[in-house]
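Let me begin by presenting the structure, written as structure tokens, before commenting on it.
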Number of protein chains: 4
Amino acid sequence: MASLQKTSARYQQQRQRAIEAAATVFADKGFHGASTQDIASQLGIQQGSLYYYIDSKEAALEEVCLMALRGYVAQMENIIGQTLSLEVKLANTIRAHLGSYREHNEAMKVHNEQRLYLPEQRRNQLKALGSRYRQLLENLFHEAVINGDLHPDLDCHFSARSLIGLCNYWGVMLLRDHKLQLEDISTKCLQQFLYGCTPHRNNS
Amino acid sequence: MASLQKTSARYQQQRQRAIEAAATVFADKGFHGASTQDIASQLGIQQGSLYYYIDSKEAALEEVCLMALRGYVAQMENIIGQTLSLEVKLANTIRAHLGSYREHNEAMKVHNEQRLYLPEQRRNQLKALGSRYRQLLENLFHEAVINGDLHPDLDCHFSARSLIGLCNYWGVMLLRDHKLQLEDISTKCLQQFLYGCTPHRNNS
Amino acid sequence: MASLQKTSARYQQQRQRAIEAAATVFADKGFHGASTQDIASQLGIQQGSLYYYIDSKEAALEEVCLMALRGYVAQMENIIGQTLSLEVKLANTIRAHLGSYREHNEAMKVHNEQRLYLPEQRRNQLKALGSRYRQLLENLFHEAVINGDLHPDLDCHFSARSLIGLCNYWGVMLLRDHKLQLEDISTKCLQQFLYGCTPHRNNS
Amino acid sequence: MASLQKTSARYQQQRQRAIEAAATVFADKGFHGASTQDIASQLGIQQGSLYYYIDSKEAALEEVCLMALRGYVAQMENIIGQTLSLEVKLANTIRAHLGSYREHNEAMKVHNEQRLYLPEQRRNQLKALGSRYRQLLENLFHEAVINGDLHPDLDCHFSARSLIGLCNYWGVMLLRDHKLQLEDISTKCLQQFLYGCTPHRNNS
DNA sequence: CATGAATGAGGATTCATTCAT
DNA sequence: AATGAATGAATCCTCATTCAT
């Protein structure tokens, strides 16, 4: 009859572990392909006990996605806020983006691939965070165009999304193939993104 | 089972429709989130009747993926085989890649997002076709490096995959947002990929 | 629109083949474990076509059982009617019983093992034939007791059923193991049944 | 799955009840004719709940058969091990065999009639137990032949199986007709088996 | 005669969720 | 704080049967 102390540090920590377990399982099997039994097993508890920490499977997916995006956006705000050259800022952004795939228990992958299985209502926060991220990136590009660091005719919206697409692609590759080096891929993504494939003077 | 002659044009056509219906449904709800009832409804037949045309839900996913990749690789082989400049070949490749998202009942999207839910054994053909595609693209890059059309230090493997990642990202966007123009996105992808975002002389 | 000539020799022959196919399949997989597809395959026709020859799966089972019992009882009447010693009559009975397992497409086995899956109503004829067979055998025993050929205290009902049980057991063995010799098993069954296992003078 | 502790007495007892319910239902309707709904109803639980106690319908059949054979073989070993006359040993064997039909929720009947619907792999234990039983019986006969208790030319293998066939036949009859008396049938089976039907001096 | 196509009901199995303890 | 037990709905798939052609 004691009221549940769901604010205790112990509870919060176990809850966090539950979300991470969900992230791992969802990343592997997909939201619908994963069972709450899978998540409980990953955590080392019984299936029924899982519901002490999550409200529903769907809520768990939402938490996983939020966990991924929150860290992601926070890093981005930090990077953008610093006084550094465009190239360095972009390098940091890309490394942060790719790096977050290897941390966070694959929550990033889950966000990218599974978030649309959430009902509209549950995606509100997620959409806001995602927009914020894209906006920060887009603004960075706008300023760079004005500064002359980027091509004057650049479609900043298109470019921001392209960078996201590129990073998401390689992020998943980093998860799938552990031989890939984060630093190496980050550098190449930056090069590819800034200068393309053709011979250019900037690098000569 | 031995003497079933499911080769009539009528049967083959209906079967094709079934695979397309599966593609549509899988693209929307994911493999595990979609039910065979969903597919049957999409086709306008009873759930049980669906099995007259497909062997299992899993087999349907395999067919969807194969349908996507076969067309895709065939186009690629055609494009590569022609005597055209690198830029035109790449432009054609990108347009074909993006275009195939808008045809094929979203089979491309399903291939990209759901194929890993197939058991190993069912992915053999798929893997072969996928490798073939990447290889064709990579070879195109190798030759272009030798010709001097691309940067001499280019990591062709990385670049080929980056192009695929970029196209897949925008392919899904084209599906999601019908206001996007295929031609416009294709051109921008080509520009981004070849020349990056920085100001460059090639295009000036 | 021509009325179906279900009395033609051609039809009757094909119908017979259908019942035999059903017998084979039912013997192997059991009534509920067998599908009409299995039967059609065995016959080399399409599943739908099967219904031209049988009214339902259940009706097919009834036919199979009847086919088995009719032959069985007819042989028995023939054997009993002859003027022969008890021992020879029994030998003939046993050989006929066991032999029918190797002919008749396993219909005997199906009758023994599957007939109870028929609804009461469909078992009427079957019961009559079965009772008739047991009665014939029992009468044979009664007479033999009176003649002094069999033990005066013999429970003829029990003995008749025991003989049936013994023959059914070995009948199935003959189906399962093709190395077993019909003649050999028949002789041993007769010996076992008449004289048991203990040393006796009759055979010395 | 790893940490499930389904070892509580409560669980084991309910599980046992589930297997017995399955035995009853399989005996009545056959393996393929019985539904898991039937078993669950027999147990008084929901269909889905049944799977908390069994892994699959097939596994349930295996358990039923094992349950039957285990008790059966254990009794047989006990009987054979005692120092008693052949006749008494056989009497005990037959009574045990027939008696087990009336206990064990008809598991013996299920074993005899349905075990072949199990896939090869699931029949391994079953085969071993069955062979063991037949072997024990056969050995008993071999010794009796040597002692002169049984006919010197006896085919012990044939006789052992015949006894099994006889007992199985009457075992099923005991299930079907509750008016039959176990003791009566046992005695008659022994008489029939040892001395056959002809007049003999041994018993006079 | 025979078939291809379709149906709809039934069946095994899984699973998110609940809840008493 | 956690679990074992149970539920009932959903889901994939099979199958007996029908019927137009």
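Here is how names work: the chains are called A, B, and so on, in the same order as the sequence lines, proteins then strands, and each is numbered from 1.
- Using a 4.5 Å cut-off on side-chain heavy atoms (C-beta onward), C:E113 and C:V172 make contact.
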Are any protein N/O atoms closer than 3.5 Å to N/O atoms in nucleotides 14-18 of chain F? If there are, list each pair with its distance.
{"residue": "F:dA16", "atom": "OP1", "partner": "C:A34", "partner atom": "O", "Å": "3.2"}
{"residue": "F:dA16", "atom": "OP1", "partner": "C:K57", "partner atom": "NZ", "Å": "3.0"}
{"residue": "F:dA16", "atom": "OP2", "partner": "C:T36", "partner atom": "N", "Å": "2.6"}
{"residue": "F:dA16", "atom": "OP2", "partner": "C:T36", "partner atom": "OG1", "Å": "2.7"}
{"residue": "F:dA16", "atom": "N7", "partner": "C:Q47", "partner atom": "NE2", "Å": "3.4"}
{"residue": "F:dT17", "atom": "OP2", "partner": "C:Y51", "partner atom": "OH", "Å": "2.7"}
{"residue": "F:dT17", "atom": "OP2", "partner": "C:K57", "partner atom": "N", "Å": "2.9"}

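- In the set F:dA5, E:dA6, F:dG8, the nucleotide with an atom closest to the side chain of D:S8 is F:dA5.
- The shortest distance between side-chain heavy atoms of A:L50 and A:Q37 does not fall below 4.5 Å.
- The OH-P distance, from B:Y11 to E:dA6, rounds to 10 Å in whole Å.
- By the salt bridge (charged side-chain N to carboxylate O under 4.0 Å, His left out) test, D:E63 pairs with D:R15, sequence neighbours left out.
- Judged by distance alone, with hydrogens and angles left aside, the side-chain atoms of B:K57 form no donor-acceptor pair with the main-chain N or O of B:A22 at under 3.5 Å.
- No side-chain heavy atom of C:S49 sits under 4.5 Å from any side-chain heavy atom of C:Y52.
- The side chain of B:R10 contributes no N or O atom lying less than 4.0 Å from OP1 or OP2 of E:dT3.
- Judged as a salt bridge (charged side-chain N to carboxylate O under 4.0 Å, His left out), the pairs with a partner in residues 18-38 of chain D (not counting sequence neighbours) are, in order, D:K29-D:D38.
- To the nearest angstrom, C1' of E:dA2 lies 13 Å from CG of C:L43.
- A donor and an acceptor atom, one from each side chain of C:Q13 and C:R10, are nowhere located under 3.5 Å apart.
- The stretch residues 12-23 of chain D does not touch DNA chain E, since none of its heavy atoms comes less than 4.0 Å from the strand.
- Here the nucleotide nearest the side chain of D:Q46, chosen from F:dT7, E:dA5, E:dT3, is F:dT7.
- When side chains are defined from C-beta on, A:L118 counts as touching A:E58, because their heavy atoms get closer than 4.5 Å.
- Evaluation of the side chain to side chain donor-acceptor pair (under 3.5 Å) rule for A:E106 yields no partner, not counting sequence neighbours.
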(request) Using Watson-Crick or G-U wobble pairs with both distances under 3.5 Å, give me DNA chain F in dot-bracket, 5' to 3', with [ ] for crossers and | for pairs to another strand. (result) .||||||||||||||||||||
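- Rounded to a whole Å, the CG atom of D:L61 is 13 Å from the P atom of E:dA12.
- In this structure, B:T24 and B:Q42 approach most closely via the heavy-atom pair CG2-NE2, 3.7 Å.
- Protein atom OH of B:Y117 is 16 Å distant from nucleotide atom P of F:dC12, rounded to whole Å.
- Although no hydrogens or angles enter the test, the distance criterion places no donor-acceptor pair under 3.5 Å between the side chain of D:K109 and the main chain of D:F26.
- At the phosphate of F:dA1, OP1 or OP2 sits under 4.0 Å from a side-chain N or O atom of A:Y52.
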